[in-house]
Amino acid sequence: MQCPSAANLVRYVSGDAGAQDAVRIGAHVSGCQACAETVAALRETWAALDAWQPGTTGVDLAGRVLTAIEAEATAPRRHRWRWPAFTRVAASVVIATGLGVGAGRLVSGSRASDREITVADSSNHDVLHALAVAFVATDSATGIALQFERRADEEGR
Amino acid sequence: MPNPEPHNPQVPDDASLMARLRDGDRTALGELVRRHQRRVLDIAVRTLRDHTLAEDIAQEAFLRVWRSAADYVPSARFTTWLYRIVVNLCLDARKKRRTLLGETPDQPDPQHTPAESAVDHADRAAVIRAALDRLPERQRVAVLLHKYSGLSMREIADTTGWTESAVESLLVRAYATLRQKLRGLGP
(Lines give C-alpha, C1' and ligand atoms only; values in the text may rest on other atoms or scores of the structure.)
Protein backbone atom coordinates (compact mmCIF):
# COMPACT_ATOMS: atom_id res chain seq x y z
CA MET A 1 0.00 0.00 0.00
CA GLN A 2 1.15 3.48 -0.80
CA CYS A 3 1.92 5.66 2.23
CA PRO A 4 -1.09 7.68 3.42
CA SER A 5 -0.89 11.43 2.95
CA ALA A 6 0.31 13.56 5.85
CA ALA A 7 -3.23 14.91 6.21
CA ASN A 8 -4.62 11.36 6.50
CA LEU A 9 -2.05 10.55 9.16
CA VAL A 10 -3.28 13.61 11.07
CA ARG A 11 -6.84 12.32 10.64
CA TYR A 12 -5.71 8.89 11.87
CA VAL A 13 -4.11 10.29 15.02
CA SER A 14 -6.98 12.65 15.79
CA GLY A 15 -9.63 9.98 15.33
CA ASP A 16 -11.10 11.70 12.30
CA ALA A 17 -10.22 9.02 9.79
CA GLY A 18 -13.39 6.93 9.78
CA ALA A 19 -13.47 3.29 10.84
CA GLN A 20 -12.41 1.65 7.57
CA ASP A 21 -9.67 4.15 6.83
CA ALA A 22 -8.39 3.87 10.39
CA VAL A 23 -7.99 0.10 10.01
CA ARG A 24 -6.30 0.49 6.62
CA ILE A 25 -3.91 3.20 7.84
CA GLY A 26 -3.19 1.30 11.05
CA ALA A 27 -2.22 -1.78 9.06
CA HIS A 28 0.08 0.30 6.89
CA VAL A 29 1.68 2.12 9.81
CA SER A 30 2.50 -1.14 11.56
CA GLY A 31 4.62 -2.15 8.58
CA CYS A 32 6.10 1.20 7.54
CA GLN A 33 8.84 2.70 9.69
CA ALA A 34 8.60 6.20 8.18
CA CYS A 35 4.84 6.45 8.75
CA ALA A 36 5.20 4.89 12.22
CA GLU A 37 7.68 7.63 13.16
CA THR A 38 5.38 10.33 11.80
CA VAL A 39 2.44 8.92 13.73
CA ALA A 40 4.49 8.66 16.93
CA ALA A 41 5.58 12.28 16.60
CA LEU A 42 2.03 13.40 15.90
CA ARG A 43 0.77 11.49 18.93
CA GLU A 44 3.44 13.09 21.10
CA THR A 45 2.46 16.57 19.88
CA TRP A 46 -1.23 15.79 20.23
CA ALA A 47 -0.73 14.62 23.81
CA ALA A 48 1.51 17.59 24.69
CA LEU A 49 -1.20 20.01 23.57
CA ASP A 50 -3.53 18.53 26.20
CA ALA A 51 -1.52 20.28 28.91
CA TRP A 52 -3.16 23.57 28.05
CA GLN A 53 -6.62 23.66 29.59
CA PRO A 54 -7.78 27.21 30.20
CA GLY A 55 -10.07 27.45 33.21
CA THR A 56 -13.77 27.88 32.76
CA THR A 57 -15.19 31.30 33.44
CA GLY A 58 -18.29 30.13 35.31
CA VAL A 59 -20.29 32.94 33.80
CA ASP A 60 -24.08 32.72 33.58
CA LEU A 61 -24.03 33.30 29.86
CA ALA A 62 -27.69 32.41 29.31
CA GLY A 63 -28.70 34.97 31.93
CA ARG A 64 -26.49 37.63 30.36
CA VAL A 65 -27.77 36.97 26.86
CA LEU A 66 -31.43 37.00 27.88
CA THR A 67 -30.92 40.20 29.89
CA ALA A 68 -29.23 41.84 26.90
CA ILE A 69 -32.08 40.76 24.63
CA GLU A 70 -34.64 42.12 27.06
CA ALA A 71 -32.80 45.44 27.20
CA GLU A 72 -32.51 45.57 23.41
CA ALA A 73 -36.16 44.70 22.90
CA THR A 74 -37.49 47.25 25.39
CA ALA A 75 -35.10 50.08 24.49
CA PRO A 76 -37.08 53.05 23.13
CA ARG A 77 -36.69 53.38 19.41
CA ARG A 78 -35.43 56.69 18.13
CA HIS A 79 -38.07 58.45 16.10
CA ARG A 80 -36.75 60.97 13.70
CA TRP A 81 -39.22 63.37 12.16
CA ARG A 82 -38.63 63.51 8.46
CA TRP A 83 -40.14 65.48 5.65
CA PRO A 84 -42.03 63.30 3.19
CA ALA A 85 -39.82 62.38 0.23
CA PHE A 86 -41.82 64.29 -2.39
CA THR A 87 -41.73 67.44 -0.22
CA ARG A 88 -37.96 67.31 -0.03
CA VAL A 89 -37.58 66.78 -3.76
CA ALA A 90 -40.10 69.53 -4.54
CA ALA A 91 -38.31 71.95 -2.22
CA SER A 92 -34.99 71.21 -3.86
CA VAL A 93 -36.54 71.78 -7.30
CA VAL A 94 -37.95 75.17 -6.25
CA ILE A 95 -34.69 76.30 -4.67
CA ALA A 96 -32.59 75.07 -7.57
CA THR A 97 -34.90 76.70 -10.13
CA GLY A 98 -34.62 79.97 -8.27
CA LEU A 99 -30.86 79.66 -8.18
CA GLY A 100 -30.75 78.76 -11.86
CA VAL A 101 -32.96 81.68 -12.93
CA GLY A 102 -30.92 84.01 -10.75
CA ALA A 103 -27.71 82.74 -12.26
CA GLY A 104 -29.16 83.07 -15.75
CA ARG A 105 -30.14 86.69 -15.13
CA LEU A 106 -26.70 87.35 -13.77
CA VAL A 107 -25.18 85.96 -16.95
CA SER A 108 -27.57 87.89 -19.20
CA GLY A 109 -26.83 91.06 -17.21
CA SER A 110 -23.13 90.61 -17.76
CA ARG A 111 -23.82 90.28 -21.47
CA ALA A 112 -25.86 93.43 -21.71
CA SER A 113 -23.09 95.48 -23.18
CA ASP A 114 -22.37 92.78 -25.77
CA ARG A 115 -26.02 92.76 -26.71
CA GLU A 116 -26.08 96.48 -27.12
CA ILE A 117 -23.16 96.24 -29.50
CA THR A 118 -24.17 93.21 -31.51
CA VAL A 119 -27.93 93.83 -31.36
CA ALA A 120 -28.48 90.64 -33.36
CA ASP A 121 -28.60 88.49 -30.17
CA SER A 122 -32.19 88.15 -29.14
CA SER A 123 -33.30 88.09 -25.52
CA ASN A 124 -34.60 84.56 -26.23
CA HIS A 125 -31.03 83.34 -26.09
CA ASP A 126 -30.68 84.56 -22.50
CA VAL A 127 -33.98 82.98 -21.47
CA LEU A 128 -32.90 79.66 -22.92
CA HIS A 129 -29.56 79.99 -21.18
CA ALA A 130 -31.27 80.67 -17.85
CA LEU A 131 -33.53 77.65 -18.32
CA ALA A 132 -30.56 75.43 -19.13
CA VAL A 133 -28.72 76.56 -16.00
CA ALA A 134 -31.89 76.04 -13.97
CA PHE A 135 -32.31 72.55 -15.40
CA VAL A 136 -28.74 71.54 -14.55
CA ALA A 137 -29.02 73.02 -11.07
CA THR A 138 -32.35 71.27 -10.46
CA ASP A 139 -30.94 67.98 -11.61
CA SER A 140 -27.91 68.32 -9.31
CA ALA A 141 -29.96 69.47 -6.36
CA THR A 142 -32.40 66.59 -6.75
CA GLY A 143 -29.51 64.16 -6.95
CA ILE A 144 -27.96 65.61 -3.82
CA ALA A 145 -31.30 65.50 -2.00
CA LEU A 146 -31.78 61.86 -2.94
CA GLN A 147 -28.23 61.07 -1.83
CA PHE A 148 -28.89 62.65 1.57
CA GLU A 149 -32.10 60.70 1.86
CA ARG A 150 -30.34 57.42 1.03
CA ARG A 151 -27.58 58.14 3.55
CA ALA A 152 -30.13 59.02 6.22
CA ASP A 153 -31.90 55.72 5.54
CA GLU A 154 -28.62 53.80 5.89
CA GLU A 155 -27.75 55.53 9.15
CA GLY A 156 -31.20 54.95 10.54
CA ARG A 157 -31.05 51.26 9.73
CA MET B 1 -14.83 13.74 17.02
CA PRO B 2 -17.27 14.73 19.77
CA ASN B 3 -20.76 15.64 18.73
CA PRO B 4 -22.34 18.37 20.86
CA GLU B 5 -25.82 17.67 19.55
CA PRO B 6 -28.14 15.56 21.69
CA HIS B 7 -29.16 12.08 20.68
CA ASN B 8 -32.10 11.80 23.03
CA PRO B 9 -35.32 12.08 20.98
CA GLN B 10 -37.01 13.67 23.99
CA VAL B 11 -34.63 16.61 23.76
CA PRO B 12 -35.34 19.08 20.95
CA ASP B 13 -32.51 19.39 18.46
CA ASP B 14 -30.88 22.71 17.58
CA ALA B 15 -33.00 23.24 14.47
CA SER B 16 -36.20 22.84 16.50
CA LEU B 17 -34.94 25.34 19.06
CA MET B 18 -34.10 27.78 16.26
CA ALA B 19 -37.62 27.36 14.88
CA ARG B 20 -39.05 28.15 18.31
CA LEU B 21 -36.75 31.13 18.61
CA ARG B 22 -37.91 32.37 15.22
CA ASP B 23 -41.45 32.24 16.58
CA GLY B 24 -40.43 34.46 19.48
CA ASP B 25 -39.78 31.86 22.17
CA ARG B 26 -36.78 33.27 24.00
CA THR B 27 -36.51 30.27 26.31
CA ALA B 28 -35.29 28.39 23.22
CA LEU B 29 -32.31 30.72 23.07
CA GLY B 30 -31.59 30.08 26.75
CA GLU B 31 -31.51 26.37 25.97
CA LEU B 32 -29.20 26.90 22.97
CA VAL B 33 -26.85 29.00 25.11
CA ARG B 34 -26.73 26.44 27.90
CA ARG B 35 -26.15 23.68 25.37
CA HIS B 36 -23.30 25.35 23.47
CA GLN B 37 -21.77 27.91 25.82
CA ARG B 38 -18.95 25.67 27.01
CA ARG B 39 -17.66 25.11 23.48
CA VAL B 40 -18.24 28.71 22.43
CA LEU B 41 -16.43 30.08 25.48
CA ASP B 42 -13.61 27.59 24.98
CA ILE B 43 -13.03 28.77 21.40
CA ALA B 44 -13.17 32.41 22.47
CA VAL B 45 -10.89 31.99 25.49
CA ARG B 46 -8.31 30.00 23.58
CA THR B 47 -8.34 32.43 20.67
CA LEU B 48 -8.34 35.64 22.69
CA ARG B 49 -6.57 34.63 25.95
CA ASP B 50 -8.82 37.04 27.78
CA HIS B 51 -11.72 35.65 29.78
CA THR B 52 -13.62 38.93 30.03
CA LEU B 53 -13.36 39.63 26.33
CA ALA B 54 -14.21 36.01 25.57
CA GLU B 55 -17.41 36.28 27.60
CA ASP B 56 -18.37 39.44 25.73
CA ILE B 57 -17.69 37.74 22.41
CA ALA B 58 -19.71 34.69 23.41
CA GLN B 59 -22.60 36.92 24.47
CA GLU B 60 -22.44 38.83 21.19
CA ALA B 61 -22.38 35.55 19.24
CA PHE B 62 -25.63 34.39 20.85
CA LEU B 63 -27.18 37.82 20.40
CA ARG B 64 -26.42 37.49 16.69
CA VAL B 65 -28.10 34.09 16.72
CA TRP B 66 -31.19 35.75 18.17
CA ARG B 67 -31.10 38.65 15.69
CA SER B 68 -30.65 36.28 12.75
CA ALA B 69 -33.22 33.71 13.85
CA ALA B 70 -35.81 34.98 11.37
CA ASP B 71 -33.41 34.44 8.45
CA TYR B 72 -31.87 31.20 9.68
CA VAL B 73 -32.10 28.35 7.20
CA PRO B 74 -31.08 24.99 8.65
CA SER B 75 -29.06 23.99 5.58
CA ALA B 76 -25.98 23.22 7.67
CA ARG B 77 -25.50 22.12 11.24
CA PHE B 78 -26.36 24.82 13.75
CA THR B 79 -22.95 24.46 15.39
CA THR B 80 -21.17 25.10 12.10
CA TRP B 81 -23.03 28.39 11.78
CA LEU B 82 -22.55 29.27 15.44
CA TYR B 83 -18.81 28.52 15.42
CA ARG B 84 -18.41 30.59 12.26
CA ILE B 85 -19.95 33.55 14.07
CA VAL B 86 -17.66 33.01 17.07
CA VAL B 87 -14.49 32.58 15.01
CA ASN B 88 -15.22 35.69 12.95
CA LEU B 89 -15.95 37.73 16.08
CA CYS B 90 -12.73 36.49 17.69
CA LEU B 91 -10.62 37.28 14.64
CA ASP B 92 -12.17 40.76 14.44
CA ALA B 93 -11.46 41.31 18.13
CA ARG B 94 -7.84 40.22 17.70
CA LYS B 95 -7.47 42.54 14.75
CA LYS B 96 -8.90 45.45 16.72
CA ARG B 97 -6.65 44.67 19.66
CA ARG B 98 -3.61 44.58 17.40
CA THR B 99 -4.60 47.92 15.93
CA LEU B 100 -5.26 49.51 19.32
CA LEU B 101 -2.17 48.17 21.03
CA GLY B 102 0.08 48.42 17.99
CA GLU B 103 0.85 44.71 18.12
CA THR B 104 2.35 43.15 15.04
CA PRO B 105 0.45 40.42 13.24
CA ASP B 106 1.36 36.90 14.21
CA GLN B 107 4.34 35.62 12.33
CA PRO B 108 6.00 32.24 12.40
CA ASP B 109 9.28 32.35 14.25
CA PRO B 110 11.48 29.45 13.17
CA GLN B 111 14.34 30.57 15.40
CA HIS B 112 12.32 30.37 18.58
CA THR B 113 12.38 26.99 20.29
CA PRO B 114 11.00 27.43 23.79
CA ALA B 115 10.97 23.73 24.54
CA GLU B 116 14.73 23.63 24.12
CA SER B 117 15.42 26.76 26.09
CA ALA B 118 15.41 27.09 29.84
CA VAL B 119 11.73 26.50 30.30
CA ASP B 120 10.18 25.50 33.55
CA HIS B 121 8.47 22.24 32.75
CA ALA B 122 5.88 22.96 35.41
CA ASP B 123 4.50 25.62 33.10
CA ARG B 124 3.95 23.53 30.01
CA ALA B 125 0.70 25.31 29.33
CA ALA B 126 2.62 28.56 28.87
CA VAL B 127 4.96 26.87 26.41
CA ILE B 128 2.00 25.55 24.45
CA ARG B 129 0.31 28.94 24.41
CA ALA B 130 3.54 30.52 23.21
CA ALA B 131 3.95 27.91 20.48
CA LEU B 132 0.38 28.39 19.33
CA ASP B 133 0.77 32.17 19.43
CA ARG B 134 3.66 31.98 17.02
CA LEU B 135 1.68 30.07 14.44
CA PRO B 136 0.26 32.10 11.56
CA GLU B 137 -3.33 33.04 12.31
CA ARG B 138 -5.04 30.58 9.98
CA GLN B 139 -2.91 27.70 11.25
CA ARG B 140 -3.67 28.62 14.84
CA VAL B 141 -7.42 28.82 14.20
CA ALA B 142 -7.32 25.47 12.43
CA VAL B 143 -5.48 23.84 15.36
CA LEU B 144 -7.78 25.36 17.97
CA LEU B 145 -10.85 24.09 16.14
CA HIS B 146 -9.29 20.69 15.38
CA LYS B 147 -7.50 19.84 18.59
CA TYR B 148 -9.53 21.66 21.21
CA SER B 149 -13.01 21.97 19.70
CA GLY B 150 -12.90 18.52 18.17
CA LEU B 151 -14.00 19.58 14.70
CA SER B 152 -13.09 17.41 11.73
CA MET B 153 -11.23 18.91 8.80
CA ARG B 154 -14.50 19.00 6.85
CA GLU B 155 -16.24 20.82 9.71
CA ILE B 156 -13.38 23.32 10.02
CA ALA B 157 -13.70 24.02 6.31
CA ASP B 158 -17.45 24.57 6.69
CA THR B 159 -16.93 26.80 9.70
CA THR B 160 -14.19 28.99 8.29
CA GLY B 161 -15.13 28.99 4.63
CA TRP B 162 -11.71 27.67 3.67
CA THR B 163 -11.44 24.64 1.41
CA GLU B 164 -10.89 21.25 3.00
CA SER B 165 -7.56 20.87 1.21
CA ALA B 166 -6.49 24.25 2.61
CA VAL B 167 -7.43 23.07 6.09
CA GLU B 168 -5.44 19.84 5.54
CA SER B 169 -2.42 21.85 4.51
CA LEU B 170 -2.76 24.29 7.42
CA LEU B 171 -3.01 21.49 9.97
CA VAL B 172 -0.14 19.44 8.56
CA ARG B 173 2.15 22.48 8.64
CA ALA B 174 0.91 23.58 12.05
CA TYR B 175 1.44 20.18 13.67
CA ALA B 176 4.90 19.93 12.07
CA THR B 177 5.82 23.31 13.60
CA LEU B 178 4.31 22.43 16.95
CA ARG B 179 6.18 19.14 16.94
CA GLN B 180 9.46 21.07 16.77
CA LYS B 181 8.42 23.61 19.39
CA LEU B 182 7.01 21.09 21.83
CA ARG B 183 9.56 18.33 21.37
CA GLY B 184 10.50 16.86 24.70
CA LEU B 185 7.69 18.57 26.49
CA GLY B 186 5.85 15.30 27.09
CA PRO B 187 2.15 14.80 27.71
Side-chain angles (χ1 to χ4, degrees), chain A residues 2-22 25 28-29 33-75 77 156-157, chain B residues 1 26-27 29-34 37-38 40-42 45-46 49 51-52 54-56 58-63 65-67 115 124-129 131-132 143 146-148 150-155 164-165 167-169 171-173 175-176 178-187:
Chain A
Q2 196 179 358
C3 289
S5 68
N8 279 338
L9 290 178
V10 170
R11 285 192 175 93
Y12 174 70
V13 169
S14 64
D16 184 24
Q20 284 187 341
D21 284 346
I25 293 171
H28 172 84
V29 167
Q33 190 181 346
C35 286
E37 285 174 3
T38 304
V39 165
L42 275 169
R43 282 195 171 128
E44 187 187 356
T45 306
W46 189 262
L49 287 169
D50 283 333
W52 178 36
Q53 296 297 336
T56 54
T57 63
V59 63
D60 173 21
L61 195 58
R64 275 181 60 165
V65 170
L66 293 175
T67 303
I69 285 175
E70 192 64 33
E72 199 169 303
T74 56
R77 289 171 182 271
R157 210 169 281 154
Chain B
M1 293 286 151
R26 290 184 195 164
T27 61
L29 182 63
E31 180 57 34
L32 284 168
V33 175
R34 278 183 283 275
Q37 66 173 347
R38 190 184 61 79
V40 165
L41 279 167
D42 191 69
V45 168
R46 287 184 193 274
R49 311 288 161 74
H51 281 73
T52 305
E55 287 171 8
D56 290 344
Q59 176 178 325
E60 178 59 25
F62 284 110
L63 283 174
V65 167
W66 172 62
R67 292 187 196 118
R124 287 182 296 181
V127 175
I128 294 164
R129 285 199 304 269
L132 287 166
V143 170
H146 187 244
K147 168 62 187 168
Y148 296 112
L151 269 60
S152 69
M153 293 185 190
R154 177 72 258 162
E155 289 167 331
E164 189 170 357
S165 63
V167 173
E168 286 179 357
S169 173
L171 285 174
V172 167
R173 280 184 282 145
Y175 285 126
L178 290 171
R179 177 189 172 186
Q180 289 185 331
K181 308 270 190 203
L182 304 179
R183 189 177 289 154
L185 200 61

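The figures here come from the full heavy-atom set of this structure, side chains too, leaving out hydrogens, waters and symmetry mates. Source: prediction; values computed, not measured. We name chains A, B, ... by the order of the sequence lines, and we start the count at 1 in each one.
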When heavy-atom pairs shorter than 4.5 Å are enumerated against chain A, which of B/I128, B/V167, B/V172, B/T52 gives the highest number?
B/I128
Which heavy atom of B/E55 sits nearest a heavy atom of A/L61, and at what distance?
O-CD1, 4.0 Å
Under 4.5 Å from any heavy atom of chain A, what part of B/L41 do you find: side chain, backbone, both or neither?
side chain
Under 4.5 Å heavy-atom distance to chain B, tell me which part of A/R11 shows up: side chain, backbone, both or neither.
both
To the nearest 0.5 Å, what is the distance between CG on A/D50 and NZ on B/K147?
3.5 Å
Between B/R49 and chain A, with a heavy-atom cut-off of 4.5 Å, which part of the residue counts as in contact: side chain, backbone, both or neither?
side chain
Do you know which of A/L9, A/V59, A/N8 has the most heavy-atom pairs with chain B at a distance under 4.5 angstrom?
A/V59
If you round to the nearest 0.5 Å, how far is CG of A/L49 from CZ of B/R129?
13.0 Å
Grab the two heavy atoms, one from B/L63 and one from A/V65, that are nearest each other, plus how far apart they are.
CD2-O, 4.0 Å
If you take all heavy atoms of B/A125 and A/A51, which pair is closest and at what distance?
CB-O, 3.8 Å
Under 30°, 30 to 60°, or over 60°: which ring-plane class applies to B/H146 and A/W46, parallel, tilted or perpendicular?
perpendicular
Side chain, backbone, both or neither of A/L66 within contact of chain B (heavy atoms, under 4.5 Å)
side chain
Ranked by heavy-atom pairs below 4.5 Å to chain A, first place among B/Q37, B/Q59, B/E168, B/R46 goes to B/R46
Less than 4.5 Å to any heavy atom of chain A: does that hold for the side chain of B/L132, its backbone, both, or neither?
side chain
Can you say whether A/Q53 sits under 4.5 Å from chain B via the side chain, the backbone, both, or neither, judging by heavy atoms?
both
Let me know if A/L42 has heavy atoms under 4.5 Å from chain B in its side chain, its backbone, both or neither.
side chain
Considering residues at least two apart in sequence or located in another chain, which fulfil the ring pair (Phe, Tyr, Trp, His ring centres under 6.0 Å) criterion with B/W66?
none
If one checks every heavy atom of B/R67 against chain A at 4.5 Å, the contacting part turns out to be side chain
Could you measure the distance from the CD atom of B/E60 to the CZ atom of A/R64? Nearest 0.5 Å is fine.
11.0 Å
